[in-house]
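Data first, discussion second: the structure below is written as structure tokens.
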Amino acid sequence: MPTFGLVDCNNFYASCERVFQPGLAQRPLVVLSNNDGCVIARSQEAKALGIPMGAPLFKIRGIISDHDVVVRSSNYALYGDLSERVMSLLAQEAPRVEIYSIDECFLDLHRLAVPDLSAWCADLRRKVRLWTGIPVSIGIGPTKTLAKIANKLAKGSPRAGGVLDLVHHPDWIEPALRKTPVGDVWGIGRRWSSMLADRGIATAFDLSRAQDGWVRQRMGIVGLRTVHELRGIACHDLETEPAPKQTTCCSRSFGKAVSQREEVYSALLSFAERAAEKVRVGNQVAGALQVFVSTDRFDTKAPPYSSAATIRFLVPTADARDIVKAAGQAFDKIWRPGFAYRKAGVLLLDLAEPGDRRAGLFDQRIRYSDDLMQAVDAINQRHGRGAIAFGLAPKSRGRLWAMKQDMLSPRYTTRWSDLAVARANEAANGALD
DNA sequence: TCTGGGGTCCTAGGACCC
DNA sequence: TCTGGGGTCCTAGGACCC
């Protein structure tokens with residue numbers, strides 16, 4: 001029987017904020033999206049206060065001040081680095097792993113020859129906590145979907161102690177499915193959840209009993225796979241090699257609405273540069289570029305406008321000069337004066353490895369990482385993003401469109417100047433438990 | 001006043017071809 | 001004037017994920 005483990009970091013961003021500030025333990029804490037817009041992570045204590053996921057900050061001001069909730073802007077440099085530490089530890093301990101997201105990792109536990117899998121997982125949990133400071137839960141199931149469900153139950157049940165194994169306790173599967181609302185199943189989002197509810201399918205168990213033909217018709221092949229996985233038939237393997245990206249994107253909502261052409265233009269050019277850098281890091285080239293702009297979709301009074309333009313490169317490229325230039329051309333096609341813009345972005349499409357079939361006939365001419373680009377990447381790596389930039393008008397340096405990040409924690413692990421300082425008394429209190 | 005960013009996969013429909 | 005069955009490729013949109 002295939003045996004999948006799913007390691008999921010508990011309240012990951014909130015836990016990251018606590019690693020270097022142990023004084024935050026036990027306190028309600030939320031982490032906000034870019035622009036300090038809405039809640040994207042909550043500590044257990046914040047969940048207990050009833051703060052919903054995705055709540056806009058302005059709607060929970062009352063709870064925050066009544067309960068002294070700690071609020072943080074998101075600090076992806078910190079979360080990304082702590083994630084790498086957790087993942088590399090897991091990769092050392094398990095035979096094969098699939099890093100599924102910044103805070104989740106599937107493990108192949110099939111051929112792991114240990115007498116007691118639950119005990120082995122409990123030990124792994126302790127190790128991760130001790131070495132990285134991050135608490136995790138582990139679910140085990142015969143399919144990825146069931147491992148996900150096991151994980152969720154392991155998190156919720158104090159008795160489980162953070163580990164739940166449905167492979168060696170197959171009689172627990174049915175009660176686990178009955179306890180799981182259908183919307184909590186991996187692959188069932190809001191739309192399908194309410195469609196299913198309308199037809200009396202409320203739990204994962206109900207869904208596992210639905211008719212194949214009906215599911216195929218209403219939810220396509222994707223939904224059918226989910227149903228099979230609930231029945232214990234594995235449809236998704238571990239994917240140890242990350243698939244090469246097909247698109248990449250750099251977009252932002254602006255801190256406030258922007259009407260000046262130069263401002264939106266310079267924002268887009270810097271997004272284009274950033275997107276180009278991402279593509280170079282992946283050793284890829286882009287076949288096309290798309291630029292989009294839009295006004296504030298929540299503002300019902302201001303006139304709405306949104307548009308996008310795509311430009312195809314004659315020769316696939318990752319060169320910032322090509323990409324910035326194309327972004328400028330695309331921008332010219334869609335810019336309309338007189339609107340208050342709130343969001344803009346650059347997508348790079350049809351990504352390919354230089355030399356693969358999709359890059360086609362032009363292999364020898366592909367520009368992806370020449371000496372200049374390598375030098376640019378090296379300088380920006382060393383001196384911070386944007387130390388060198390292409391074609392930005394000098395007046396753009398004010399960055400009216402900059403993100404709001406008023407409650408940012410230090411980048412403890414990726415910036416020398418932000419390095420945590422341990423004093424004797426703090427060490428005695430124990431930063432890691 | 002204040003509502004994220006970055007992805008994937010599937011499907012339907014239109015244009016075009018023989 | 002009416003009439004057929006396949007194909008492919010592309011795009012837009014909808015569903016989902018974290």
Side-chain angles (χ1 to χ4, degrees), chain A residues 6 8-9 11-13 30-41 52-62 64 71-76 79-80 83 98-106 144-145 148 151-152 182-196 215-226 229 235-236 239 242-257 271 274-275 278-279 282 287-288 290 292 294-302 308-310 312 340 342-351 358 403-407:
Chain A
L6 176 64
D8 189 315
C9 300
N11 313 322
F12 182 55
Y13 297 168
V30 297
V31 177
L32 302 177
S33 64
N34 282 341
N35 287 314
D36 296 339
C38 55
V39 173
I40 56 168
M53 185 68 167
L57 178 60
F58 70 93
K59 282 193 184 163
I60 55 165
R61 288 280 185 205
I64 288 173
V71 180
R72 290 274 190 262
S73 303
S74 38
N75 183 345
Y76 289 104
Y79 312 151
S83 171
E98 172 190 339
I99 298 172
Y100 177 68
S101 74
I102 194 166
D103 70 335
E104 285 174 67
C105 186
F106 285 105
K144 284 179 160 180
T145 304
K148 279 267 202 182
N151 186 288
K152 198 145 211 159
V182 74
D184 285 359
V185 174
W186 189 40
I188 306 298
R190 273 221 326 274
R191 295 304 261 268
W192 284 355
S193 193
S194 81
M195 183 275 289
L196 291 167
V215 174
R216 178 66 180 82
Q217 201 190 349
R218 305 296 307 222
M219 302 161 70
I221 192 73
V222 178
L224 190 57
R225 281 193 199 120
T226 295
E229 287 239 320
C235 302
H236 301 291
E239 283 162 32
K245 270 196 224 180
Q246 300 170 36
T247 64
T248 199
C249 175
C250 181
S251 74
R252 291 283 178 282
S253 295
F254 303 146
K256 55 183 181 185
F271 300 161
R274 175 67 190 122
K278 284 192 197 176
V279 167
Q290 185 175 70
F292 66 88
S294 75
T295 52
D296 189 340
R297 67 197 163 106
F298 295 104
D299 188 338
T300 49
K301 280 165 285 181
T310 305
R312 190 151 283 285
R342 196 57 208 282
K343 184 169 182 177
V346 172
L347 288 95
L348 293 177
L349 314 167
D350 291 346
L351 302 188
R358 305 193 50 189
M403 263 200 301
K404 204 164 104 185
Q405 285 189 306
D406 291 341
M407 291 148 289

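Letters go in sequence order (proteins before strands), and every chain restarts at 1.
- Straight-line distance from the CZ atom of A/Arg274 to the C1' atom of B/dG7: 15 Å, rounded to whole Å.
- Nucleic acid contact for A/Ile188: sugar-phosphate only, since backbone atoms but no base atoms lie under 4.0 Å from a heavy atom of the residue.
- C/dC17 atom C1' lies 12 Å from atom CG of A/Asp103, rounded to whole Å.
- One interatomic measurement links the two molecules: CG of A/Leu6 to C1' of C/dC17, which rounds to 13 Å at whole-angstrom precision.
- Close to B/dT1, at under 4.0 Å from its OP1 or OP2, lies no side-chain N or O of A/Arg61.
- Put simply, A/Thr248 has no side-chain N or O that comes within less than 4.0 Å of OP1 or OP2 on B/dG6.
- For A/Ala243 and A/Tyr76, each mapped to the nucleotide of DNA chain B holding its nearest heavy atom, the one lying further toward the 5' end belongs to A/Tyr76.
- Listed pair A/Lys148 / C/dC18 meets the phosphate criterion, a side-chain N or O lying under 4.0 Å from OP1 or OP2.
- Side-chain atoms of A/Ser251 lie closest to B/dG6 of the nucleotides B/dG6, B/dT3, B/dG4.
- Across all strands shown, A/Arg190 has heavy atoms under 4.0 Å from sugar-phosphate atoms exclusively, and none from any base.
- Between the A/Arg252 side chain and the A/Gly345 main chain, no donor and acceptor come within less than 3.5 Å of each other.
- A/Asn35 contributes a side-chain N or O that, together with a main-chain N or O of A/Ser253, makes up a donor-acceptor pair within less than 3.5 Å.
- In this structure, of B/dG6, B/dC10, B/dG4, it is B/dG6 that holds the atom nearest to the side chain of A/Cys250.
- Considering only the side chain of A/Arg225, B/dC10 comes nearest among B/dC10, C/dC18, B/dT3.
- Between B/dG4 and A/Arg297, a contact under 4.0 Å exists linking OP1 or OP2 to a side-chain N or O.
- Candidate nucleotides B/dG6, C/dC18, B/dC10 were compared by shortest atom distance to the side chain of A/Tyr100, and C/dC18 ranks first.
- Not one side-chain nitrogen or oxygen of A/Lys404 sits closer than 4.0 Å to the OP1 or OP2 atom of B/dG4.
- Under the 3.5 Å distance criterion, the side-chain polar atoms of A/Ser251 are left unmatched by any main-chain donor or acceptor of A/Ala344.
- Following rounding to the nearest Å, A/Met219 (CE) and C/dG14 (P) show an atom-to-atom distance of 18 Å.
- Using a 4.0 Å heavy-atom cutoff across all strands shown, A/Val185 reaches sugar-phosphate atoms only and no base atom.
- Take the nearest nucleotide of DNA chain B for A/Met53 and for A/Lys245: the residue whose nucleotide is more 5' is A/Met53.
- Stacking of the aromatic ring of A/Phe298 onto the base of B/dT3 is found: the ring centres lie under 5.5 Å apart and the planes are inclined by under 30°.
- For the OP1/OP2 pair of B/dT3 and a distance below 4.0 Å, the side-chain nitrogens and oxygens of A/Lys59 include no atom meeting the criterion.
- Counting to the nearest Å, the P atom of B/dC9 and the CD atom of A/Gln246 are 5 Å from each other.
- Across all strands shown, C/dG5 is found opposite B/dC18 as a Watson-Crick or G-U wobble partner, with both distances under 3.5 Å.
- Side chain of A/Trp192, nearest nucleotide from B/dC2, C/dC16, B/dG4: C/dC16.
- Remark: side-chain polar atoms of A/Lys148 are not paired, donor with acceptor, to backbone N or O of A/Val185 under 3.5 angstrom.
- Side-chain atoms of A/Asn151 come within 3.5 Å of backbone N or O of A/Leu6 as a donor-acceptor pair.
- Note on A/Arg312: nothing from the nucleic acid sits closer than 4.0 angstrom, heavy atoms only.
- Here the nucleotide nearest the side chain of A/Val222, chosen from B/dT3, B/dG4, B/dC10, is B/dC10.
- The nearest whole Å value for the distance from the CG atom in A/Leu32 to the C1' atom in B/dT1 is 16 Å.
- Side chain of A/Ser73 to main chain of A/Asp36: no donor-acceptor pair is present (N/O by atom type, distance under 3.5 Å, no hydrogens or angles).
- If you take CG of A/Leu347 and P of B/dT8, they are 10 Å apart, rounded to a whole angstrom.
- Comparing atom distances between the A/Trp186 side chain and each of C/dA15, B/dT3, C/dC18 picks out C/dC18 as nearest.
- When heavy atoms are screened at a 4.0 angstrom cut-off, A/Thr247 is found touching the sugar-phosphate backbone but no base atom.
- With A/Ser83 contributing its side chain and A/Ile102 its backbone, the two residues share a donor-acceptor pair below 3.5 Å.
- In this structure, A/Asn151 atom CG and C/dC18 atom C1' are separated by 14 Å, rounded to whole Å.
- Contact check, A/Arg342 against B/dT3: a side-chain N or O comes under 4.0 Å of OP1 or OP2.
- Taking the P atoms as reference points, B/dT3 lies 25 Å from C/dC18, given to the whole Å.
- The phosphate of C/dC17 (OP1 or OP2) has no side-chain N or O of A/Ser101 nearer than 4.0 angstrom.
- Comparing B/dG5, B/dT11, B/dT3 by their nearest atom to the side chain of A/Arg216 picks out B/dT11.
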